[in-house]
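Structure first, commentary second.
The model shown is predicted, which means the values in this text are computed figures rather than measured ones.
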Amino acid sequence: MGWRKFCPRGETGEGVGGESTIFTQAHKVLTEGFTSELALSFLYKNTNADPLIMSNLKKALEERGMGRNSMLHNCAVTAHGYLNVGTTCDGFLRDNLDWMKKASNWAKFSATASMGVIHAGHTTEAMTLLEPYLPPSAPASDPAAEHPTVSATGGYAEGGSLYALGLIHGSHAGSSTAKRLEASTFLRNHLRNSHANEVISHGAALGVGLTSFGSSDLSVVNELKELLYTDSAVAGEAASIAMGMVLVGSGAGNASSSANEELAEIVAELRNYSRETHHEKIIRGIAMCLALVNYGQEENADATIEEMRGDRDPIIRYGAMYGLALAYCGTGSNKAIRILLHTAVSDVSDDVRMAAVIGLALVLHKTPERVPELVRLLLESFNPHVRYASCMAVGIAMAGTGDAESVALLEPMLTDMTDYVRQGALLGTAMIYMQQSDSCNYRKIKTFREKLSTIISDKHQSSLTKMGAILSTGLIDAGGRNCALSLGSRNGFTKMTSAVGLVLWLQHWHWFPLMHMFSLAVTPTCTIGLNKDFKYPKKFEILCNSKPSAFAYPKKLEEKKEEKKKRVETVALSTTAKNRARLARKRAKEEGDGDGAMDVETKDGEEIKEETKEEAMTEGMDVDGEDKDAAKSNAKGDEAEEKPKKKREPEPTSFRVNNPSRITKAQADVCVFDLDQRYRPVRPEEKPYGVIMLTDSTPGEEEDLGAVKTPAQEEEADPPAAFEWTPPGHPDHPDTTVGKGEAGDAKAEEGSEEAKAAE
């Protein structure tokens with residue numbers, strides 16, 4: 001085998017099966033989806049999602065009658081997906097199925113697809129979870145069986161479930177290769193047989209693109225091309241975007257590309273087809289496809305991008321801006337920045353200018369502090385599309401930093417005259433505040449959270465602004481507050497999945513179902529130390545030289561307790577009592593029942609004496625108030641003496657982080673390894689962030705280890721204890737013996753009662 005050449009003698013570790021243990025572990029990481037399982041296990045166990053956020057959001061939408069607004073309902077379902085991305089926690093949806101059923105048509109498609117966001121990476125249970133929604137298919141046991149006929153109408157839940165299946169397998173680059181191939185085969189089968197229904201075709205195409213991401217598989221591309229040539233606007237757009245995902249980063253069609261010639265011909269056909277078709281959706285899909293193909297190509301993509309920039313169709317120029325941003329993503333290229341800035345102020349199309357400004361954030365993601373400086377003047381542009389894009393660019397570049405200057409830059413945009421600019425400002429600010437504690441930015445983050453809930457419940461705000469507030473509610477606490485929007489890896493490399501996911505998420509401006517692509521862009525901020533067997537020692541800790549409040553989770557909302565209305569007693573004035581007593585005396589005198597002090601019954605049914613009652617009332621009116629006040633002040637004084645005020649203890653300046661735990665990028669800068677403990681990192685000079693491989697300084701001692709398990713394995717019940725089964729009616733059957741025992745007890749009780757009676 002080829003790997004023997006690179007493995008020193010004596011380290012192959014060949015066992016009975018002839019396979020090296022070392023390479024088994026490597027195989028597990030590279031192809032069997034261990035990294036995906038690691039992220040899934042962490043997000044499931046450590047989720048800090050606040051259930052009251054969605055409850056309050058649902059209540060606010062229903063109170064104002066906004067629950068009937070399909071767009072806001074769809075955004076609320078999407079926000080729930082963001083809040084729980086990758087955590088598999090879909091309890092809210094299951095508890096509110098009636099509310100979910102309000103979604104219809106494409107909203108139903110999107111709501112079903114949101115299941116894929118919540119269960120992103122949960123590949124082992126994907127088919128089981130989506131089984132109720134998946135379209136019928138030929139039985140796997142009979143390959144020769146015909147595929148069920150697909151109806152030309154409906155199919156929104158079925159199409160959404162196919163899209164969800166793609167999101168589950170495609171959201172993590174490290175998911176299992178075998179599982180991804182299995183899902184891709186299933187989706188391709190539906191893709192070939194669903195051309196009659198554009199909704200199912202749309203979901204199947206996006207699912208195929210996600211499961212075959214970056215494979216450059218010619219057979220998959222040809223199947224998607226067949227769907228594109230049906231000239232269906234909705235299905236054609238999905239097919240062209242999916243082709244871009246399959247060919248991402250291949251550079252097919254470029255002069256200096258090493259890609260297959262057949263792929264280059266297909267890309268050339270796409271360019272020609274974009275000029276022939278009259279569907280804007282298909283043209284936009286092809287433009288985005290060409291942009292994805294040129295990801296990371298830098299100078300090799302210059303000729304293609306220059307040709308697209310000079311096209312008369314603004315949609316092709318729109319694709320050119322994203323193509324340029326992806327080709328130079330993270331490079332900080334001055335040439336790319338110059339072109340983007342020139343286009344942002346000179347192009348006649350608003351959409352093209354918007355794409356150019358957002359592209360700056362992608363090119364400069366490794367030096368994010370430059371983006372606010374570049375777009376400072378663009379935030380004051382007369383063009384609202386440019387202002388919107390500037391807000392989004394600042395949010396993307398500074399995501400998860402809590403930068404006070406960037407927040408201050410976007411603050412005036414929150415009250416902009418244009419509704420979608422306010423939407424962009426809300427989304428951008430939410431991205432900046434991701435994973436920040438309540439003490440961030442002098443506690444202004446708390447004010448921003450309150451502003452979001454105020455906007456949602458304000459009937460005077462426009463739907464687009466409310467849409468931004470609802471989505472921001474999900475973004476700010478994404479992934480159970482354990483995920484961040486990050487385009488770069490720990491070692492400084494640009495993550496292709498995140499960059500592509502972000503660009504496709506930004507297309508929700510034109511097509512709402514693409515909101516779910518956000519699950520590709522986010523990354524769990526999980527720090528976990530593993531030993532050589534990929535188990536995590538529970539006693540391994542990391543020292544954080546900062547106050548615990550600086551990086552703590554935000555405080556969860558508290559449910560408002562309904563105050564019970566106390567019944568106020570009616571106050572009787574002294575004059576009223578005197579009048580009653582006088583009338584009673586007069587009535588008694590007339591009746592001649594007696595003289596002197598006498599008892600009389602008032603209207604309230606109380607017996608009072610003439611003289612004594614008057615005296616008591618007058619004394620009570622004059623003195624009681626003072627006595628009560630004096631008594632209260634004495635009581636308060638006694639309490640103050642008994643309970644002295646507790647002195648607020650100073651917050652510690654450092655604390656220890658357990659294994660595994662959430663450590664953000666900013667927190668990693670103030671964290672250090674404690675090299676005096678039993679487990680030590682293999683590379684102690686690295687920042688304590690991400691996966692850390694550990695060595696054991698005392699391997700002979702007993703270890704307290706935890707295993708990485710999927711949610712399905714975590715919830716699996718223990719097997720029952722051993723038992724012997726006996727049929728009903730058998731003398732040893734539990735029911736028979738219980739019945740006999742009960743009868744005997746009853747007779748014994750009767751006997752004891754008779755004995756007592758005799759006594």
Side-chain angles (χ1 to χ4, degrees), residues 31-34 36-37 39-41 43-44 81 84-91 93-94 97 100 108-143 145-148 150 155-194 197 199-213 215 220 223 238 242 245 513 516 519-520 709-717:
T31 63
E32 293 182 8
F34 178 72
S36 179
E37 287 179 14
L40 184 70
S41 175
L43 291 175
Y44 172 72
N84 297 285
V85 58
T87 64
T88 72
C89 301
D90 56 0
L93 298 184
R94 297 182 186 279
L97 287 174
M100 284 287 291
K108 192 175 186 179
F109 175 94
S110 188
T112 313
S114 71
M115 295 285 287
V117 178
I118 297 167
H119 293 276
H122 198 189
T123 54
T124 53
E125 300 293 320
M127 296 299 288
T128 308
L129 290 163
L130 298 172
E131 190 177 5
Y133 311 101
L134 290 169
S137 56
S141 57
D142 186 8
E146 291 185 5
H147 193 278
V150 177
Y156 293 100
E158 291 86 348
S161 64
L162 295 175
Y163 183 19
L165 188 63
L167 288 168
I168 289 172
H169 289 84
S171 292
H172 286 285
S175 59
S176 169
T177 308
K179 289 285 183 184
R180 186 180 284 210
L181 181 61
E182 184 184 333
S184 179
T185 306
F186 176 82
L187 289 164
R188 286 172 66 184
N189 184 35
H190 281 286
L191 178 69
R192 288 190 293 268
N193 294 283
S194 62
N197 188 309
V199 181
I200 296 177
S201 296
H202 184 85
L206 290 174
V208 167
L210 287 162
T211 52
S212 302
F213 191 90
S215 64
V220 175
E223 287 175 9
M245 285 192 276
H516 303 305
S519 63
L520 277 73
K709 296 179 181 178
T710 61
Q713 293 170 329
E714 291 283 350
E715 294 172 0
E716 191 174 350

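A donor-acceptor contact shorter than 3.5 Å links the side chain of S194 to the backbone of H190. Between the side chain of S215 and the main chain of S212, a donor-acceptor pair closer than 3.5 Å is present. Of the possible donor and acceptor atoms, none in the side chain of Y163 sits under 3.5 Å from a partner among the backbone N and O of H516.
Contacts of N197 classified as side chain to side chain donor-acceptor pair (under 3.5 Å), with partners at least two apart in sequence or in another chain: none. By the side chain to side chain donor-acceptor pair (under 3.5 Å) test, T211 is found to be paired with no residue, residues two or more places apart in sequence or in another chain being considered. Every side-chain contact (heavy atoms from CB on, under 4.5 Å) that T112 has, sequence neighbours left out, goes to Y133, A157, S161. Every residue two or more places apart in sequence or in another chain that forms a salt bridge (Lys or Arg N to Asp or Glu O under 4.0 Å) with E223 is listed here: R188, R192.
P513 and F109 make their closest contact through CB-CE2, 3.9 Å (heavy atoms, listed as atom of the first residue, atom of the second, distance). Closest approach of S201 and L191 over heavy atoms only: O-CD1, 4.2 Å.
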Which pairs of donor and acceptor atoms, one on a side chain in residues 113-123, lie under 3.5 Å apart (sequence neighbours left out)?
| unit_1 | atom_1 | unit_2 | atom_2 | d |
| --- | --- | --- | --- | --- |
| S114 | OG | A111 | O | 2.6 |
| H119 | NE2 | D90 | OD2 | 3.1 |

Side chains of residues 164-181: which donor-acceptor pairs under 3.5 Å do they make with residues two or more places apart or in other chains?
| unit_1 | atom_1 | unit_2 | atom_2 | d |
| --- | --- | --- | --- | --- |
| H169 | ND1 | L165 | O | 3.0 |
| S171 | OG | L167 | O | 2.6 |
| S171 | OG | S519 | OG | 3.0 |
| S175 | OG | H169 | O | 3.0 |
| S175 | OG | H172 | O | 3.2 |
| S175 | OG | R180 | NE | 3.3 |
| S175 | OG | R180 | NH2 | 3.0 |
| S176 | OG | K179 | N | 3.4 |
| T177 | OG1 | T31 | O | 3.2 |
| R180 | NE | H169 | O | 3.4 |
| R180 | NH2 | H169 | O | 3.0 |
| R180 | NH2 | H172 | O | 2.9 |

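Between S184 atom OG and N189 atom CG the span is 11.0 Å, to the nearest 0.5 Å. We find the CG-CG distance between L93 and N84 to be 8.0 Å, quoted to the nearest 0.5 Å.
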